[in-house]
Amino acid sequence: ALRDRRCGGMVESGPATRRPGHRFENLRAIPWVMSWIQSRYILSAWYGIGHALSSYIDERGKAGLHELQEMYRAWPFFRSLIDNAQLSLLKTDLYIAGTYAQLVQDRSLRRAIHGRIVEEYKRAVEKVLQISSQKELLGFHKVLRDSILLRNPYVDPLNYLQVIYLEKMRQDEKLDEKKREKIDGILLLTVNGIAFGMKSTG
């Protein structure tokens with residue numbers, strides 16, 4: 001578990017990996033999901049839903065769309081699924097996320113992955129709005145929508161600081177212990193600030 005009293009005492013509910021070591025395949029869901037939230041992609045909350053809904057509509061045509069719209073109106077579980085997707089899509093900020101993508105040194109890989117995410121985001125927004133018969137995300141809950149849109153910009157500076165110091169940590173491989181501790185402290189503060197601002201730690 002991770003605790004840092006200097007940064008508000010945020011606790012990670014379990015180890016970051018399933019087994020000792022730093023291999024990617026050992027990573028548990030907790031740091032994986034939290035990373036997507038920190039970078040403002042919030043990918044794990046909505047990625048794939050646009051493709052799934054589009055595929056169903058493409059296969060069944062107008063009848064499929066009407067079925068999904070009726071499910072949204074009449075089935076609480078499906079309505080909750082779509083509304084939760086709306087919440088996450090509204091919290092997502094692909095411009096901010098793009099600054100994190102710049103940390104990927106392979107330009108072609110960066111463009112390919114980020115571009116695919118942008119395409120799926122647009123598809124997800126389009127289909128979620130179509131099925132919920134709304135013109136804007138969370139249009140049915142104006143207070144929550146306005147709260148998110150008002151709060152998000154205040155988190156932006158923390159994201160920019162996080163990217164700057166992640167890059168600094170990467171470039172300055174010969175940092176002495178005091179400088180590294182200082183950067184670690186700044187990064188932990190941004191992690192906590194973003195988590196509180198986004199109302200989610202993952």
Practice prompt. Kindly compute the distance separating NZ (Lys182) from CG (Asp176), expressed to the nearest 0.5 Å.
Written response: 11.0 Å
Worksheet item: Does the distance from a Lys or Arg side-chain N to an Asp or Glu carboxylate O, for Arg123 and Glu120, drop under 4.0 Å?
Response: yes
Discussion item. Using a 3.5 Å distance criterion without hydrogens, assess whether the side chain of Arg40 forms a donor-acceptor pair with backbone atoms of Leu94.
Written reply: no
Fill in: Results of side chain to side chain donor-acceptor pair (under 3.5 Å) for Tyr165 - residues two or more places apart only
none
Worksheet item: Do we see a donor-acceptor contact under 3.5 Å between the side chains of Asp83 and Tyr72?
Response: yes
Discussion item. Using the rule that Ile, Leu, Val, Met, Phe, Trp and Tyr join whenever any side-chain heavy atoms are under 4.5 Å apart, tell me whether Val143 and Leu89 fall into a single cluster.
Written reply: no
Response to the item:
Contacts of Tyr47 meeting ring pair (Phe, Tyr, Trp, His ring centres under 6.0 Å) (sequence neighbours excluded), chain-then-number -> none
Practice prompt. Verify side-chain contact (heavy atoms from CB on, under 4.5 Å) between Asn159 and Thr99, making sure each step is shown before the conclusion.
Written response: CA-CA 9 Å; Asn159 288 110; Thr99 65; 5.6 Å; no
Item to complete: Starting at CD1 of Ile194, measure out to OG of Ser39 and round the result to the nearest 0.5 Å.
Response: 9.0 Å
Worksheet item: Relative to the ring of Trp75, is the ring of Phe78 parallel (under 30°), tilted (30 to 60°) or perpendicular (over 60°)?
Response: parallel
Worksheet item: Among side-chain atoms of Asp106 and Ser108, is any donor-acceptor pair under 3.5 angstrom?
Response: yes
Worksheet item: So do Leu90 and Leu149 actually touch side chain to side chain, heavy atoms under 4.5 Å?
Response: yes
Worksheet item: Does Gln105 reach the side chain of Arg170, with side-chain heavy atoms less than 4.5 Å apart?
Response: yes
Fill in: Glu126 CD to Ser54 OG distance, which is reported to the nearest 0.5 Å
6.5 Å
Worksheet item: Would you say Pro153 and Asp156 make side-chain contact, with heavy atoms under 4.5 Å?
Response: yes
Item to complete: Determine whether more than 12 heavy atoms belonging to other residues, nucleotides or ligands lie under 6.0 Å from atom CZ of Arg151.
Response: yes
Fill in: With Lys178 via salt bridge (Lys or Arg N to Asp or Glu O under 4.0 Å) - residues at least two apart
none
Item to complete: Before giving the answer on side-chain contact (heavy atoms from CB on, under 4.5 Å), spell out for Trp46 and Tyr121 the whole-Å C-alpha distance, their side-chain angles and the decisive distance to 0.1 Å.
Response: CA-CA 8 Å; Trp46 58 262; Tyr121 178 84; 3.5 Å; yes
Worksheet item: Do the charged groups of Arg73 and Glu70 touch, with an N to O distance under 4.0 Å?
Response: yes
Fill in: Rounded distance [0.5 Å steps], CG in Leu53 versus CD1 in Ile131
4.0 Å
Worksheet entry | side chain to side chain donor-acceptor pair (under 3.5 Å) involving Tyr56 - partner list, sequence neighbours excluded | Arg60, Glu67
Worksheet entry | CA sep, side-chain torsions, deciding dist, call: Asp184, Met169, side-chain contact (heavy atoms from CB on, under 4.5 Å) | CA-CA 9 Å; Asp184 283 344; Met169 181 76 80; 3.1 Å; yes
Worksheet item: Any sub-3.5 Å donor-acceptor pair from Thr190's side-chain atoms to Leu158's backbone N or O?
Response: no
Practice prompt. Examine distances only and state if a side-chain atom of Ser80 and a backbone atom of Pro76 form a donor-acceptor pair shorter than 3.5 Å.
Written response: no
Worksheet item: Taking atom types as modelled and ignoring hydrogens, do the side chains of His114 and Tyr100 form a donor-acceptor contact shorter than 3.5 angstrom?
Response: no
Under 3.5 Å, which donor-acceptor pairs do the side chains of residues 133-141 form with other protein atoms, sequence neighbours left out?
from   : atom 1 : to     : atom 2 : distance (Å)
Gln134 : OE1    : Gly139 : N      : 3.2
Gln134 : OE1    : Phe140 : N      : 2.9
Gln134 : NE2    : Gln86  : OE1    : 2.9
Gln134 : NE2    : Ser132 : OG     : 2.9
Glu136 : OE1    : Arg145 : NH2    : 3.4
Glu136 : OE2    : Lys142 : NZ     : 2.4
His141 : ND1    : Leu144 : N      : 3.2

Worksheet item: Does some side-chain heavy atom of Ile96 sit less than 4.5 Å from a side-chain heavy atom of Tyr160?
Response: yes
Worksheet item: Heavy atoms, side chains only, cut-off 4.5 Å: are Ile82 and Ile49 in contact?
Response: yes
Discussion item. Is it the case that the side chain of Gln38 and the backbone of Val33 share a donor-acceptor pair, with hydrogens and angles ignored and the cut-off at 3.5 Å?
Written reply: no
Worksheet item: How far apart are the closest heavy atoms of Ser88 and Ile42, and which atoms are they?
Response: O-CD1, 4.0 Å
Worksheet entry | Contact check, side chains of Lys127 and Ile57, non-hydrogen atoms, under 4.5 Å | yes
Worksheet item: Closest heavy-atom contact between Gly197 and Val155?
Response: CA-CG2, 3.8 Å
Discussion item. I need the minimum non-hydrogen distance between Leu150 and Tyr154, along with the two atoms involved.
Written reply: O-CD1, 3.2 Å
Practice prompt. Return the set of residues passing salt bridge (Lys or Arg N to Asp or Glu O under 4.0 Å) with Arg110 (not counting sequence neighbours), or none when no residue passes.
Written response: none
Worksheet item: Checking Lys91 side chain against Ile148 main chain: does a donor-acceptor pair fall under 3.5 Å?
Response: no
